[in-house]
Colleague: 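Okay, handing you the structure first.
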Amino acid sequence: MHTVSYEDQIQGLCVIEDFCTPQEEEHLVSTVDKLDWTGLGVGPNPEMKRRTQQYGHLFSYRYRHVKVMQELGPLPDFATPLVARIMEHNLMPNQPNHLLVNEYNLGQGIMPHTDAPKLFGPAILSLSLASPCTMKFTHAENGHEIDVLLPRRSMVVMTSDARYQYKHSISKDHTDTASSGVTVERGKRISFTFRGLHCIREIEKRGNSEL
Ligand SMILES: O=C(O)CCC(=O)C(=O)O
Ligand SMILES: [Fe+2]
């Protein structure tokens, strides 16, 4: 594991390279491949244009609203070594209780967004599997922007400004350019996003506005 810090550009942003081994990567990708996906007309979020799986809690994209969030139970066994590593390295204040698996086919990306601050805790982590990609960070107010290359098997960690002041997005591009100037080909990418959902009672107390 090797941490690349972007703190000098954005507070609270780093990428931990080789967060998992190539063997783990292969195992994780083949495991989720065989499990049930939602999106593309199927499952609880059929309108999604990319396939996803959710563990821990079910968060509907249709209504970003606590009423449609169900507790599903503990995170699956295949995530256990990753969660242990997250806690061992103090990357989150509490064990993550939400895992979102995203599948991006070539030409798919994600629009600029900030993960719901009232729903999820102060650290957002995302593991890139099977393909690298570039994640763009754009300041919500002043427009300051940086491109961060997320290699295969790396974990991006967003806290403080990176989590709250910046939006993150992934373009639909088929290639990315590393800071060295080298062009990196993209393929189908699977990401595992770990988040800590605030206690439901806390969310209800604070109300459901601005989720
Ligand atoms: O694919 C990723 O690494 C990020 C996913 C993401 O930003 C999200 O689901 O909120
Ligand atoms: Fe996100």
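In each ligand, atom 1 is the first atom listed, and ligand 1 is the first ligand listed. Position 1 is the first residue of the sequence, and the numbers go up from there.
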Colleague: Specify the closest pair of heavy atoms between Ser128 and Pro151, including all atoms of both residues, with the distance to one decimal.
Modeller: CB-O, 3.6 Å
Colleague: For Ile110, which part has a heavy atom under 4.0 Å from ligand 1: side chain, backbone, both, or neither?
Modeller: side chain
Colleague: Less than 6.0 angstrom separating the ring centers of Tyr55 and Phe78, yes or no?
Modeller: yes
Colleague: Counting only heavy atoms closer than 4.0 Å, does ligand 1 sit against the backbone of Leu100, its side chain, both, or neither?
Modeller: side chain
Colleague: Which N/O/S atom belongs to Asp115 and is the closest one to the Fe ion (ligand 2)?
Modeller: OD1
Colleague: Would you call Asp115 and Arg163 a salt bridge, using N to O less than 4.0 angstrom?
Modeller: no
Colleague: Pick one of side chain, backbone, both or neither for how Met155 approaches ligand 1, counting any non-hydrogen atom pair under 4.0 Å.
Modeller: neither
Colleague: Purely on distance, is any nitrogen or oxygen of Thr193 under 3.5 Å from one on ligand 1?
Modeller: no
Colleague: Which of the listed options, His168, Met111, Met135, holds the heavy atom that is closest to atom 4 (C) of ligand 1?
Modeller: Met135
Colleague: For ligand 1, find out whether one of its N or O atoms is nearer than 3.5 Å to an N or O atom of Arg50.
Modeller: no
Colleague: Can you sort out which atoms of ligand 1 are near Arg189, meaning under 4.0 Å from one of its heavy atoms?
Modeller: 1 (O), 2 (C), 3 (O)
Colleague: Is the closest heavy atom of Gln108 to ligand 1 under 4.0 Å?
Modeller: no
Colleague: Can you tell which part of Ile170 has a heavy atom less than 4.0 Å from ligand 1: side chain, backbone, both or neither?
Modeller: side chain
Colleague: Pairs in or reaching into residues 1-20: which pass side chain to side chain donor-acceptor pair (under 3.5 Å), with residues at least two apart or in two chains?
Modeller: none
Colleague: Check ring-ring contact (aromatic ring centres under 6.0 Å, His included) between His144 and all other residues, then give those that pass, not counting sequence neighbours.
Modeller: Tyr166
Colleague: For the hydrophobic clusters of this structure (ILVMFWY residues joined by side-chain heavy atoms under 4.5 Å, transitively), does one cluster hold both Val184 and Leu129?
Modeller: no
